[in-house]
Amino acid sequence: MKKHIALFYLIVASLLTYICYLPSLDGSFLFDDFVNIVQNKSLKMETFNAENLVSAAYSGDSGPLKRPISYASFAINILFTEYDTYPFKLVNLIIHILNGLLVFYLVQALFKTPYFPVKTKSQNFSAFFITTIWLLHPINITNVVYIVQRMNSLSSFFVLVGLNIYVYARLHGFNRTKLYLALSGILISTLLALFSKENGIIVIALIILIERFAFRFEHAPQFLSRLADKLLTPLSLLIVIVMMSLLASQLDWLNNNYAYRDFSLTERLLSEARALFYYIYLFINPASTDFSIYHDDFVISRSLLTPITTLLSVTALFAIAIYCQRQENRSSLFSFLVLWFLTCHIIESTFLPLELIFEHRNYLASIGLILGVLGLFEWLNERYKLKPYLLLTSVIIVIASFSYIRILPYQDKFSLAITDVDAHPNSERANYELGRIYMRFFELERDQLMFEQAQYYFDRSTQSYEASGSGYFGNLFLFSIAGKTITSSEIDPLLERLENKTIRASTYNFLQGLTLCVLQKKCTVPSEYMDAIYRTALKNSNSIPKNKAKLHTLYADFLLNIEKNLIESEQQLLKALKFAPQDPFFTLKLAVLYLSNDRLEEAAEYLNRSKKADVHLQYQKEIEEAMSVISKKTAMEEVSNG
């Protein structure tokens, strides 16, 4: 009977989630979806085979491990449904619902453990409450509607699989066979999580947390205890040594990546203290209008007193840590949910040079917060004899209502852009996106009002907090579409931005788009202005080596195709190689340049270098085609000489 009740709850939770998200499934690609999916041509496999799948899987540049499982899933989507967003988002929704099922079984299993701090008389309904709130809460919406965040939900899927395996194995006792099966399952799920997104490594920390609060290291088999006694200390030391070595080896990477951020390591750590409380605010206030993909208006903490909430946040974190330490036994639920929340944020909300705020970082972290809500209701029920079923059901209805309202704008890009600007009027990205949509309206309708609206929001984006310059590029596109003459008044502010501010990855993307637009003769930016833009950007020292190499490559394309300057184009590609000598993309670009000018020996040399560096087969097709051309040209030369 209990199994039937559990199945009923799972069906209800899944249906509610599907109905709530249904309006968003026809929505468009958003933000980083374009760079990672739409513009990533390696994802489009002409035929499905192992080589093409490997090439697609390693075609991204989102993390140190390349996230091949996530990219492979995008490639399979494209193989069967091209670039139709509905199947992409439907897959995301299915993964999200499957994750909800795993949350249900994990929570149900935790209720059965001897020391888990949440006690409930109705385990099925309590698990249903936690699962449904987690599936529907607005803080988790972007994991479905923002297609590229499949990386996060896929990684979370394997984390949840690993946690379920561990808790199930602990509840059902260990013998050697079960132990090895459980360890194998956890290892495999951890690796799959890591290769979906690197923060999947938190599965290890979450297992330790569950063991500490739910089992307290009791009832483990004797041989496992002896093994732990012998290996725990050396293993701990080894982990510390490895982590310190990895950190030391990546100091250059950290410094390089912070070089193009608008904040230092210290400023990020201070800012993240505030960010954690901001996430909690969003969780406890599902009616908030702050929910958005864009949070680039989040004020950076320049010191403990700037803004003053930094000091309050840091002080609160220390106070909570001390309280949890001193009151652990008496307030174990509070300690558990605090540690769960912080553990889930330990990768993306600490020292890594990532952007400050994204809602999807709370995907697993919010489980701990929902457990806290359940614990509060259970306490109120014991103290005041309330009707928990009615109260918890009311909470589910309220959360579902707010989520549905928040999801509705995702069915239409224009409505979403207006909603995002209303939510974050100082966001550069939100203003730029709305300006871009008005620009498309102007392109189609040639309505002067649309032109003025586009220019208004592009200008607003340039005045936004820590603006990166997107609005300046937007106005260049807009003026070109309108057939207006581009003068120094449009170029000079952009040059000042490129000279004095940090060069971001987005700056490279905008410059790439502008260069392509000029090459296609759709943009009317004079050559002298384009040359000035490139030279100014390249003089800026705040750029990581790979982005510097990309800038040199873009400049080489411009010089070759617009200026017809072969010699200078070659020099720019050689400079790009100095910044990224082991990247097969840049050696391939130089080889193609030599090949197009019949410098066959040099082309072959750089093609061989590119092939050797292309360990993930990203450029295998292009390399083979170029080698084939060299073979044909060589054969023709031999025939003509013979």
Side-chain angles (χ1 to χ4, degrees), residues 39-42 44 46 51 55 59 61 508-509 511-539 543 545-642:
Q39 297 167 10
N40 185 352
K41 301 307 178 185
S42 296
K44 189 170 176 60
E46 294 180 4
E51 286 185 354
S55 177
S59 64
D61 198 23
Y508 162 78
N509 294 330
L511 191 50
Q512 183 183 42
L514 182 63
T515 303
L516 181 62
C517 188
V518 171
L519 291 176
Q520 294 173 343
K521 299 184 178 179
K522 294 178 181 178
C523 288
T524 55
V525 183
S527 291
E528 62 269 24
Y529 288 153
M530 287 295 295
D531 197 72
I533 290 171
Y534 275 114
R535 291 188 179 278
T536 304
L538 286 168
K539 282 192 297 184
S543 181
K546 189 166 184 179
N547 281 345
K548 202 86 166 182
K550 288 179 178 180
L551 283 172
H552 280 292
T553 303
L554 280 179
Y555 191 26
D557 287 341
F558 169 77
L559 289 167
L560 180 65
N561 295 292
I562 300 297
E563 298 291 303
K564 308 301 180 183
N565 190 336
L566 174 63
I567 295 174
E568 185 58 30
S569 178
E570 178 187 358
Q571 291 304 309
Q572 292 299 322
L573 288 176
L574 288 170
K575 288 178 181 179
L577 270 179
K578 289 181 180 179
F579 286 103
Q582 302 303 318
D583 193 311
F585 172 76
F586 301 108
T587 48
L588 177 60
K589 288 286 291 185
L590 194 55
V592 170
L593 177 68
Y594 288 142
L595 180 58
S596 64
N597 290 276
D598 291 329
R599 294 163 65 176
L600 302 185
E601 289 185 8
E602 291 161 296
E605 176 191 345
Y606 281 98
L607 276 176
N608 286 325
R609 283 178 58 179
S610 184
K611 184 176 182 179
K612 186 177 180 180
D614 189 25
V615 293
H616 298 305
L617 307 179
Q618 285 178 266
Y619 306 103
Q620 183 184 32
K621 181 180 177 182
E622 292 89 338
I623 292 170
E624 288 179 351
E625 287 176 352
M627 285 184 166
S628 176
V629 173
I630 289 176
S631 297
K632 290 178 182 178
K633 286 190 173 186
T634 303
M636 289 174 64
E637 283 185 0
E638 289 175 354
V639 170
S640 62
N641 292 334

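Predicted model only: the values in this text are computed from it and were never measured. These numbers come from the heavy atoms of this one structure, side chains and all, not from hydrogens, waters or symmetry mates.
- By the neighbour-count criterion of 12 heavy atoms within 6.0 Å, atom CD of Q582 is sparsely surrounded, having that number or fewer from other residues, nucleotides or ligands.
- Taking 4.5 Å as the limit, some side-chain heavy atom of L595 sits within range of a side-chain heavy atom of L600.
- A donor-acceptor distance shorter than 3.5 angstrom exists from the side chain of S631 to the backbone of M627, with no hydrogens or angles considered.
- The list of side-chain hydrogen bond (donor to acceptor under 3.5 Å, both in side chains) pairs with a residue in residues 588-597, not counting sequence neighbours, reads D557-K589, E570-Y594.
- Contact check for L559 versus I567: no side-chain heavy atoms found under the 4.5 Å cut-off.
- Put simply, CG on L593 and OH on Y606 are 11.0 Å apart, with the number rounded to the nearest 0.5 Å.
- Scanning for salt bridge (charged side-chain N to carboxylate O under 4.0 Å, His left out) contacts around E528 gives an empty result, with sequence neighbours left out.
- Of the candidates F586, F579, Y534, F579 is the only one forming a side chain to side chain contact (heavy atoms under 4.5 Å, CB included) with H552.
- Distance check, rounded to the nearest 0.5 Å: CG of L588 to OG1 of T553 gives 10.5 Å.
- Contact record, S59 with S42: CB-CB, 3.4 Å, taken as the closest heavy-atom pair.
- No more than 12 heavy-atom neighbours from other residues, nucleotides or ligands sit within 6.0 angstrom of NZ on K621.
- Applying the salt bridge (charged side-chain N to carboxylate O under 4.0 Å, His left out) test to E624 and every residue at least two apart in sequence or in another chain returns nothing.
- Remark: of the listed residues Q572, R535, K575, R535 is the sole one forming a side chain to side chain donor-acceptor pair (under 3.5 Å) with Y555.
- Dense packing is recorded around CD of E563, with more than 12 heavy atoms of other residues, nucleotides or ligands lying under 6.0 Å away.
- Within a 6.0 Å sphere centred on CD of Q520, heavy atoms belonging to other residues, nucleotides or ligands number more than 12.
- The distance from atom CG of L519 to atom CG of L514, rounded to the nearest 0.5 Å, is 9.5 Å.
- Across Q618 and E622, no two heavy atoms sit closer than the pair O-OE1, 4.1 Å.
- Between the OG1 atom in T587 and the NZ atom in K612 there is a gap of 12.0 Å [rounded to 0.5 Å].
- Checking side-chain atoms of D614 against main-chain N and O of P584 turns up no donor-acceptor pair under 3.5 Å.
- Distance check: I533 CD1 to T515 OG1 gives 8.5 Å after rounding to the nearest 0.5 Å.
- Shortest non-hydrogen contact noted between L511 and L554 is C-CD1, 4.2 Å.
- Here the CG atom belonging to N561 is positioned 7.5 Å from the OG atom belonging to S569, to the nearest 0.5 angstrom.
- With hydrogens and angles disregarded, a donor-acceptor distance shorter than 3.5 Å links the side chain of N608 to the backbone of A604.
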